[in-house]
Amino acid sequence: MDIENLDEKLSTVKTNPDTQSHLIPDEDSCIRCEEKSCIYVCPASVYKWNTEEKKLIVSYENCLECGACRIACDKQMLVWKYPNASFGITYKQG
Ligand code: SF4
Ligand code: SF4
């Protein structure tokens, strides 16, 4: 899928973010993680590495709930769950 089509697809979803993240990486493990695969597999650019703070920034409100990061984190250092009921992604009509 090219970027143009991906943007088109992403425009068909909207999110109702919870007040707390449903994606909780283990900060110490992320510092030691060389691959940082979560950053590269996420289609919604949820993860960004802050070099100065040595911290994974998680924009959970943009999550599409696809589960790719859970699989990609081969150290299993990412607590992943669905958002609480009535929160998370919904699909726009039409
Ligand atoms: S792949 Fe896992 S351990 Fe590595 S930065 Fe991402 S969440 Fe952290
Ligand atoms: S579940 Fe999918 S969209 Fe959400 S953070 Fe992980 S890879 Fe990104």
Side-chain angles (χ1 to χ4, degrees):
M1 182 182 298
D2 59 37
I3 294 296
E4 198 169 289
N5 282 343
L6 179 60
D7 285 344
E8 199 175 299
K9 296 280 185 197
L10 289 174
S11 72
T12 66
V13 300
K14 64 177 181 177
T15 60
N16 179 26
D18 203 344
T19 54
Q20 291 185 323
S21 178
H22 60 289
L23 308 165
I24 306 169
D26 179 82
E27 292 188 359
D28 291 338
S29 298
C30 294
I31 289 172
R32 294 192 302 273
C33 176
E34 293 182 7
E35 298 84 5
K36 294 185 175 44
S37 308
C38 57
I39 294 173
Y40 303 104
V41 300
C42 179
S45 302
V46 165
Y47 301 101
K48 289 195 169 49
W49 183 250
N50 184 311
T51 308
E52 284 183 10
E53 294 183 18
K54 291 190 167 75
K55 187 176 178 184
L56 192 64
I57 306 301
V58 183
S59 300
Y60 69 92
E61 62 275 10
N62 297 328
C63 176
L64 301 171
E65 300 166 31
C66 71
C69 57
R70 178 167 57 173
I71 296 167
C73 180
D74 58 1
K75 295 169 184 62
Q76 303 292 299
M77 289 299 169
L78 173 66
V79 175
W80 193 106
K81 58 182 182 173
Y82 284 106
N84 291 318
S86 82
F87 293 105
I89 61 166
T90 55
Y91 293 89
K92 292 178 183 171
Q93 299 290 321

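Index from 1, following the sequence. Order of listing sets the numbers, starting from 1, for every ligand and every atom in it.
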>> Tell me which one of C33, S29, C30, C73 satisfies side-chain contact (heavy atoms from CB on, under 4.5 Å) with L78.
In response: C73

>> I need the protein N, O or S atoms closer than 2.8 Å to atom 2 (Fe) of ligand 1, given as residue plus atom name.
In response: C73 SG

> Below 2.8 Å, any N, O or S contact between C42 and atom 4 (Fe) of ligand 2?
Replying inline: no

> Out of curiosity, is Y47 lining ligand 2, as in a heavy atom under 4.0 Å away?
Replying inline: yes

>> Tell me the protein heavy atom at minimum distance from atom 4 (Fe) of ligand 2, and give that distance in Å.
In response: C63 SG, 2.3 Å

>> Could you tell me, atom by atom, which parts of ligand 2 come under 4.0 Å of a heavy atom of G67?
In response: 1 (S), 2 (Fe)

> For atom NZ of K55, is the number of surrounding heavy atoms from other residues, nucleotides or ligands below 6.0 Å larger than 12?
Replying inline: no

>> Out of all atoms in ligand 2, which are within 4.0 Å of some heavy atom of L64? Include the element for each.
In response: 3 (S), 4 (Fe)

> Does atom CD of E27 have more than 12 heavy-atom neighbours, drawn from other residues, nucleotides or ligands, at distances under 6.0 Å?
Replying inline: no

> What part of R70 sits under 4.0 Å from ligand 2 if we count only heavy atoms: the side chain, the backbone, both or neither?
Replying inline: neither

> Counting N and O atoms only, with roles assigned by atom type, does the side chain of N16 sit under 3.5 Å from a partner on the main chain of S86, one being a donor and the other an acceptor?
Replying inline: yes

> How close do A44 and N62 get, heavy atom to heavy atom, and via which atoms?
Replying inline: CB-O, 3.4 Å

> When rounded to the nearest 0.5 angstrom, what is the spacing between CD1 in I57 and OH in Y47?
Replying inline: 12.5 Å

>> On a heavy-atom basis, which atom in I89 and which in T15 lie closest, and how many Å separate them?
In response: CG2-CG2, 3.6 Å

>> Only heavy atoms of C66, strictly under 4.0 Å: list the atoms of ligand 2 that pass.
In response: 1 (S), 2 (Fe), 3 (S), 7 (S)

>> Suppose I only count heavy atoms of L23 and a 4.0 Å limit; which atoms of ligand 2 are within that range?
In response: 5 (S)

> If you group Ile, Leu, Val, Met, Phe, Trp and Tyr whenever their side-chain heavy atoms sit less than 4.5 Å apart, what else falls in with V79?
Replying inline: I24

>> Side-chain heavy atoms nearer than 4.5 Å, only ILVMFWY residues, links allowed to pass through others: does that put I39 and W80 together?
In response: yes

> What atoms of ligand 2 come within less than 4.0 Å of a heavy atom belonging to V46?
Replying inline: 5 (S)

> How far apart are the closest heavy atoms of K36 and I31, and which atoms are they?
Replying inline: NZ-O, 4.0 Å

> Hey, which atoms in ligand 2 end up nearer than 4.0 Å to a heavy atom of W80?
Replying inline: 1 (S)

>> Treating Y60 as the side-chain partner and D18 as the backbone partner, does any N or O pair qualify as donor plus acceptor under 3.5 Å?
In response: yes

